[in-house]
Amino acid sequence: MIVVNLDVMLAKRKMTLSQLSEKVDVTLANLSILKNNKAKAVRFSTLEAICAALECQPGDILEYIPDRET
């Protein structure tokens, strides 16, 4: 399972989702879907913009958690 830790990075950078939305030109609704782990996919261009705005690496936002059944 891939977990999105966008809320953690936003807190570390003391930035709101609305501020990030303005910086990366992605709708608040789409960022909210991503933040709440409801997204099925994310474009590399979106991930790149988020990383640039938050001054972080993709691995700071995305985390792989192995399935307990495997």
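Keep in mind the model is a prediction, meaning the values are calculated, not measured. Position 1 is the first residue of the sequence; numbering continues from there.
Checked against side chain to side chain contact (heavy atoms under 4.5 Å, CB included), Ser21 has the following partners two or more places apart in sequence or in another chain: Leu28, Leu31.
Between atom NZ of residue Lys38 and atom CD1 of residue Ile33 there is a gap of 10.5 Å, rounded to the nearest 0.5 Å.
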**OP:** Could you check Met15 against Lys23 for side chain to side chain contact (heavy atoms under 4.5 Å, CB included), going step by step and ending with a plain yes or no?
**Re:** CA-CA 11 Å; Met15 186 182 294; Lys23 283 188 173 212; 4.0 Å; yes
Original post:
Where do Leu17 and Gln19 land on the side chain to side chain contact (heavy atoms under 4.5 Å, CB included) test, with the steps shown first?
Top reply: CA-CA 5 Å; Leu17 200 61; Gln19 291 169 325; over 6 Å; no
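You'll find the side chain of Leu6 stays beyond 4.5 Å of the side chain of Asn36, heavy atoms only. Counting heavy atoms from C-beta on, the side chains of Glu22 and Leu20 never come closer than 4.5 Å.
A chain of hydrophobic side-chain contacts below 4.5 Å, direct or via other Ile, Leu, Val, Met, Phe, Trp or Tyr residues, connects Leu34 to Ile2. In this structure, Leu10 is not a member of the same hydrophobic cluster as Val3, with clusters built from ILVMFWY side-chain heavy atoms closer than 4.5 Å.
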Kindly list each side-chain donor-acceptor pair under 3.5 angstrom involving residues 46-60, sequence neighbours excluded, with atom names and distances?
unit_1, atom_1, unit_2, atom_2, d
Asp60, OD2, Gln57, N, 2.8

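Under a 3.5 Å cut-off, the side chain of Asn37 and the backbone N or O of Val4 do form a donor-acceptor pair.
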